[in-house]
Amino acid sequence: MSALAPYDGVLLVSFGGPERPEDVMPFLQNVTRGRPVPPHRLAAVAEHYHAVGGRSPINGANRVLLAALRAELDARGVQQPLWWGNRNWHPLLTEALSEAHESGARRVVAILTSLYPSWSGCRQYRANLEDAVRELARQGREIEVDVVRPFAGRPGIIAAVVDAVDRGLHELEALGPDVARAPRVVFVTHSIPLTMDQASGPGGQAYRTGHALTAQTVMEALAGRHGRRHAWDLVYCSRSGSPETPWLEPDIDDHLAESARQGTSGVVVVPIGFISDHMEVVYDLDTQAAGVAERLGLGFVRVPTVGTDPRFVAAMADALADHAAQARGESLPDQPVSCGEGCCAR
């Protein structure tokens with residue numbers, strides 16, 4: 001029996017992004033549909049994409065991840081086909097599920113490229129998948145989709161981040177003794193509204209506490225490796241929406257300024273909220289935050305995202321296998337099969 005039975009296919013689900021300058025504005029309109037985002041705000045965000053060539057790196061990163069996950073599943077003897085679909089740009093979820101249905105799939109397990117629970121990072125993906133399933137049903141094509149729950153804390157992912165931060169600290173030291181004198185490790189994730197964080201996970205605040213637990217676990221591992229503790233913080237980037245709406249803080253740019261005032265000499269920036277180097281990384285961190293650090297005279301090293309680190313890809317395959325085992329009725333008490341009803345509310 002296949003490790004992924006009873007499923008007859010796997011769907012990698014991501015956010016999606018434009019791949020040509022002419023795609024930028026239609027993509028942003030997809031992302032913000034149904035929300036009162038003024039045109040000038042869309043135009044400002046569009047300039048971020050045009051500043052890096054009018055395309056997002058995310059689709060290219062997903063193609064590489066898709067190939068790596070396929071290779072990992074093949075190595076485990078898993079023969080179920082693998083598809084990829086996005087919420088906001090081609091290949092869209094309806095396109096991916098249509099292809100799966102045409103290939104004979106009737107029950108698919110989906111795994112998200114978003115690792116932490118929240119409405120936008122988990123429940124909205126589930127809602128979009130439900131919409132896509134209903135759309136196919138209206139066309140007379142029945143397909144069932146189950147979704148793997150967030151899986152950020154798996155040991156393979158933690159190990160990959162530990163090694164990345166370790167290398168980042170060595171890179172900071174290589175910038176000179178003045179830079180390495182008083183460094184900080186700065187973990188970064190996407191900011192969300194406070195109300196969204198309060199509704200995340202079965203008991204609330206699972207988004208913030210999940211990231212903090214990852215960061216703490218990584219730093220404890222580094223302390224054991226180095227025999228000393230490094231200062232660290234959890235900060236946020238990519239805030240959007242109304243200025244009157246409270247979002248998770250501090251913003252990384254504000255945090256860099258405050259760190260410089262407090263005597264920090266250099267920072268190792270760790271994008272733990274993102275699995276690939278997409279816009280929130282290449283623009284908000286590599287362009288904007290790096291520019292702030294340069295103006296402040298701070299040493300700045302941004303470590304890679306987990307990307308296709310074999311340990312991360314293996315963790316994805318493990319999460320799929322655990323979910324399938326639970327769907328078969330096998331008991332895995334440490335891996336709940338799905339998020340609780342009512343968690344990650346809008």
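Values in this document were obtained by computation on a predicted structure and should not be read as measured data.
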(message) Between Asn88 and Gly16 (side chain of the first, backbone of the second, donor and acceptor by atom type, cut-off under 3.5 Å), is there such a pair?
(response) no
(request) Give a yes or no answer on whether the side chain of Thr287 reaches the backbone of Val282 with a donor-acceptor pair at less than 3.5 Å. (result) yes
(message) Quick check: do Leu11 and Leu129 have side-chain heavy atoms less than 4.5 Å from each other?
(response) yes
(message) Is it the case that the side chains of His323 and Asp146 hold a donor-acceptor pair, with the cut-off being a distance below 3.5 Å and no angle test?
(response) no
(message) So does Tyr207 get a backbone contact from the side chain of Ser200, meaning a donor-acceptor N/O pair under 3.5 Å?
(response) yes
(request) Over all heavy atoms of both residues, which pair between Phe187 and Ala215 is shortest? Give the atoms and the distance, please. (result) CD1-CB, 3.5 Å
(message) Check the orientation of Phe312 and Phe151. Use parallel for under 30°, tilted for 30 to 60°, and perpendicular for over 60°.
(response) parallel
(request) Using a strict 4.0 Å threshold on nitrogen-to-oxygen distance, state whether Arg302 and Asp277 make a salt bridge. (result) yes
(request) Answer whether the closest heavy-atom distance between the side chains of Pro21 and His50 falls below 4.5 Å. (result) yes
(request) Ignoring hydrogens and angles, tell me if any N or O in the side chain of Ser118 forms a donor-acceptor pair with the backbone of Gly121 under 3.5 Å. (result) yes
(message) Looking at every non-hydrogen atom in both residues, tell me the closest pair between Pro18 and Asp23 and how far apart they are.
(response) CB-CB, 3.6 Å
(request) Evaluate side-chain hydrogen bond (donor to acceptor under 3.5 Å, both in side chains) for Asp284 paired with His48, printing each intermediate quantity in order. (result) CA-CA 9 Å; Asp284 293 16; His48 297 176; 4.7 Å; no
(message) To check you understand the geometry: which heavy-atom pair defines the closest contact between Pro193 and Thr245, and what is its length?
(response) CB-CG2, 4.2 Å
(request) Rounded to the nearest 0.5 Å, what's the gap from CG on Leu92 to CG on Asn30? Could you check? (result) 7.0 Å
(request) Please assess His211 against Tyr116 for the test ring-ring contact (aromatic ring centres under 6.0 Å, His included), listing each intermediate value before the final yes or no. (result) CA-CA 8 Å; His211 283 86; Tyr116 294 89; 3.6 Å; yes
(request) Start with the C-alpha distance between Asp131 and Arg134, add both sets of side-chain angles, then the distance that settles salt bridge (Lys or Arg N to Asp or Glu O under 4.0 Å), and finish with yes or no. (result) CA-CA 5 Å; Asp131 290 343; Arg134 282 192 291 268; 2.4 Å; yes
(request) Please report the closest heavy-atom contact between Leu93 and Ala132, naming both atoms and the distance. (result) CB-CB, 4.0 Å
(message) One thing to verify: whether Arg154 and Asp322 come together as a salt bridge, which I'm taking to mean a side-chain N less than 4.0 angstrom from a carboxylate O.
(response) yes
(request) Run the numbers on Gln139 and Glu135 for side-chain hydrogen bond (donor to acceptor under 3.5 Å, both in side chains), then give the verdict. (result) CA-CA 7 Å; Gln139 302 168 10; Glu135 176 60 30; 3.0 Å; yes
(message) When you compare the side chains of Arg41 and Ser240, does any donor N or O come within less than 3.5 Å of an acceptor on the partner?
(response) no
